[in-house]
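Notes follow the structure.
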Amino acid sequence: MKILVINCGSSSLKYQLFDMENESVSAKGLVDRIGIDGSNLTHRKTGAEPLTVTTPIKDHKVAMQLVLEALLDKDHGVLKSLEEISAAGHRIVSGGDYFKEAVLVNDEVMEALRKCIPLAPLHNPGHIMGIEAIQHALPKLPNVVVFDTAFHQTMPDYAYMYGLPYEFYETHRVRRYGAHGTSHNFVALRAAEILGKPLSELKMITCHLGNGSSISAVKNGKCIDTSMGLTPLAGVLMGTRTGDMDPACVPFVQNITKYSADEMNNFMNKKSGLLGISGVSSDLRDVEQAAAKGNERAQLAINMLEYGIRKYIGAYTAAMEGLDVIVFTAGIGENSAETREGVCKHLEFMGVKIDSAKNKIRGKEAIVSTDDSKVKVLVVPTNEELMIARETKRVAF
Ligand code: AMP
């Protein structure tokens with residue numbers, strides 16, 4: 001069975017074709033700059049040289065057509081017929097509280113997706129265009145939508161509500177939704193497999209730390225709290241995002257700068273975080289290098305990041321009334337031994353003992369706690385595309 005996983009942005013279309021017999025990727029690629037000058041497709045059959053096509057691509061329908069042609073190409077393709085594709089799985093950033101799990105696309109689902117646009121205005125319109133494009137090219141193909149928010153839908157109301165007047169929730173759905181749910185779900189399942197224990201018996205904290213970062217409390221396999229909120233701005237310090245702060249900072253800064261709501265949003269999302277504090281870069285590698293050379297603001301940014309993660313781990317341990325496993329994933333979580341050690345070395349009082357030698361790994365699965373650590377610490381590379389492919393298979397067949 002072959003499943004095409006699609007992740008569409010407003011001007012891009014990323015795809016991976018999975019062979020579900022062994023969960024391998026047969027081909028993958030990216031259409032970039034859709035509707036903009038210089039649009040192009042880069043396609044790669046696994047193990048082969050990439051194919052690059054630079055041509056005007058006016059919309060997602062044209063982009064999808066190019067992708068399907070590349071999959072059929074006699075040199076770079078991996079399919080003899082498009083009928084070999086059994087289903088398409090689409091990554092959707094926000095399903096609001098309309099969707100508690102992945103579902104098969106129908107007219108009602110499309111309507112609900114449109115209602116979720118205000119919750120992810122930069123992402124959901126692109127996702128919708130991607131679904132419409134493949135429906136246009138392959139009208140009989142089943143499409144499944146897999147939501148970044150779905151895994152967090154098990155949070156209790158007292159964890160997802162904000163202290164605003166209740167009508168704001170009733171009328172405008174203002175609440176915590178979280179993000180990166182597909183990744184949290186994938187690494188939680190995998191960590192339980194690695195440990196050989198049922199997920200349903202574990203209290204786990206999953207730390208997805210990348211350009212955007214979120215931390216989730218996963219109790220007996222269900223998410224009970226997560227650090228991102230209504231939008232992906234909340235939580236720990238990120239590459240260019242503030243993370244948590246007193247909400248009154250917003251009008252305070254606006255009064256000084258005279259920023260509009262949109263400008264303020266941009267300031268908090270694009271100019272803050274590691275970049276804003278260090279003044280060096282949004283990339284932790286650059287910030288770590290600068291700190292090693294004595295840059296104090298770079299060191300402050302690192303301290304804020306590690307302290308923030310540690311506070312969430314403490315809070316979520318209390319929320320779950322215990323802790324068995326911490327999982328690190330995504331760019332920083334998988335690669336920065338310094339961050340993992342910086343977070344864990346202060347948690348010995350609650351049974352977390354990191355093994356410095358084992359922790360010196362990058363980008364691969366490992367248990368990095370000592371054998372006698374009460375709480376196991378794991379590195380698990382995330383694979384959101386594979387999780388989407390699995391969910392698509394589960395829902396469509
Ligand atoms: P992601 O958004 O998951 O792709 O993560 C991207 C971030 O991971 C980058 O901005 C870097 O800050 C971080 N990263 C990647 N590799 C390393 C590394 N070797 N050491 C520290 N941070 C890294």
Side-chain angles (χ1 to χ4, degrees), residues 148 150-152 154-155 178-228 235-236 238 284 305-306 308-320 322-348 350-356 358-371 373-387 390:
D148 283 6
F151 184 61
H152 305 305
T154 45
M155 284 187 285
H180 301 134
T182 308
S183 174
H184 288 285
N185 193 3
F186 179 84
V187 299
L189 287 163
R190 185 67 197 129
E193 259 174 32
I194 294 169
L195 293 170
K197 296 209 170 123
L199 185 58
S200 57
E201 290 172 16
L202 291 170
K203 293 172 181 170
M204 207 182 267
I205 295 177
T206 49
C207 305
H208 177 112
L209 309 174
N211 262 324
S213 298
S214 66
I215 301 182
S216 294
V218 184
K219 188 178 185 182
N220 308 332
K222 302 248 180 298
C223 176
I224 63 147
D225 207 346
T226 193
S227 62
M228 280 183 167
V236 294
M238 296 175 232
L284 184 65
L305 172 67
E306 291 174 2
I309 299 168
R310 193 146 38 95
K311 280 211 296 190
Y312 268 103
I313 292 175
Y316 287 169
T317 302
M320 293 191 290
L323 179 63
D324 301 307
V325 187
I326 300 173
V327 188
F328 287 100
T329 194
I332 295 172
E334 291 167 28
N335 294 298
S336 175
E338 292 82 354
T339 304
R340 294 191 298 259
E341 179 140 7
V343 168
C344 292
K345 72 179 178 205
H346 297 286
L347 296 174
E348 274 207 45
M350 48 186 258
V352 179
K353 271 170 121 182
I354 191 141
D355 184 321
S356 297
K358 288 185 192 162
N359 186 41
K360 282 200 180 64
I361 50 120
R362 177 164 292 180
K364 59 178 189 197
E365 282 182 359
I367 300 176
V368 298
S369 45
T370 59
D371 292 344
S373 180
K374 185 174 106 23
V375 176
K376 302 293 169 214
V377 183
L378 274 76
V379 177
V380 179
T382 193
N383 192 339
E384 287 157 289
E385 292 78 13
L386 175 56
M387 191 74 210
R390 285 179 183 164

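On a predicted model such as this, the values are computed, not experimentally measured, just so you know.
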Could you give the distance from CD1 (I367) to CD1 (I361), rounded to the nearest 0.5 Å? 11.0 Å

Is any side-chain heavy atom of L347 less than 4.5 Å from a side-chain heavy atom of R310? yes

Does the T370 side chain pair with the main chain of S373, one donor and one acceptor, at a distance under 3.5 Å? yes

Between S214 and A179 the two heavy atoms that sit nearest each other are OG-O, 3.6 Å

Taken in chain and number order and not counting sequence neighbours, the residues that satisfy side-chain contact (heavy atoms from CB on, under 4.5 Å) with V327 are V187, A191, M204, T206, V325, V380

Partners passing side-chain contact (heavy atoms from CB on, under 4.5 Å) against L323 (at least two apart in sequence or in another chain): I205, I313, T317, M320, I326, M350, V375

Let's go through L195 and L378 carefully: what are the C-alpha distance in whole Å and the side-chain angles of both, what is the deciding distance for side chain to side chain contact (heavy atoms under 4.5 Å, CB included) to 0.1 Å, and is it a yes or a no? CA-CA 9 Å; L195 293 170; L378 274 76; 4.0 Å; yes

Residues passing the side-chain contact (heavy atoms from CB on, under 4.5 Å) test with K311, sequence neighbours excluded, are Y307

Do L189 and M387 have side chains that approach each other closer than 4.5 Å (heavy atoms only, starting at C-beta)? yes

Side-chain heavy atoms of N335 within contact of L284, under 4.5 Å: no

Donor-acceptor contacts, no H, no angles, side chain residues 215-225, under 3.5 Å, sequence neighbours left out:
residue : atom : partner : partner atom : Å
S216    : OG   : H184    : ND1          : 3.3
S216    : OG   : H184    : NE2          : 3.4
S216    : OG   : T226    : OG1          : 2.9

Residues passing the side chain to side chain donor-acceptor pair (under 3.5 Å) test with E341, sequence neighbours excluded, are S356

Once you round to the nearest 0.5 Å, how far does NZ of K358 lie from CD1 of I354? 10.5 Å

Can you measure from OG1 (T339) to CD1 (I309) and round to the nearest 0.5 angstrom? 6.5 Å

Distance in Å, L386 CG paired with T182 OG1, rounded so as to fall on 0.5 Å steps: 11.5 Å

Report the residues that fulfil side chain to side chain donor-acceptor pair (under 3.5 Å) with Y312, sequence neighbours left out, ordered by chain and then residue number. D244

Closest non-hydrogen atom pair between T382 and S183, with its separation: OG1-OG, 2.7 Å

Just jot down the side-chain contact (heavy atoms from CB on, under 4.5 Å) partners of M238, sequence neighbours excluded, or say none. S213, M228, R241

My understanding is that only residues two or more places apart in sequence, or in another chain, count here; which of them pass side chain to side chain donor-acceptor pair (under 3.5 Å) with E334? T329

List in chain and number order the residues that pass salt bridge (charged side-chain N to carboxylate O under 4.0 Å, His left out) with E338, two or more places apart in sequence or in another chain; answer none if no residue qualifies. none

Could you work out, with salt bridge (charged side-chain N to carboxylate O under 4.0 Å, His left out) as the rule, every residue matching R340, not counting sequence neighbours? none

Who pairs with K203 by salt bridge (charged side-chain N to carboxylate O under 4.0 Å, His left out), at least two apart in sequence or on another chain? none

SG of C344 to NZ of K353, rounded to nearest 0.5 Å, is 13.5 Å

Could you pull out all residues at least two apart from E193 that satisfy salt bridge (charged side-chain N to carboxylate O under 4.0 Å, His left out)? R190

So do the side chains of Y316 and S227 get within less than 4.5 Å of each other, counting heavy atoms only? yes

Without swapping roles, check the side chain of N359 against the backbone of A337 for a donor-acceptor pair under 3.5 Å. yes

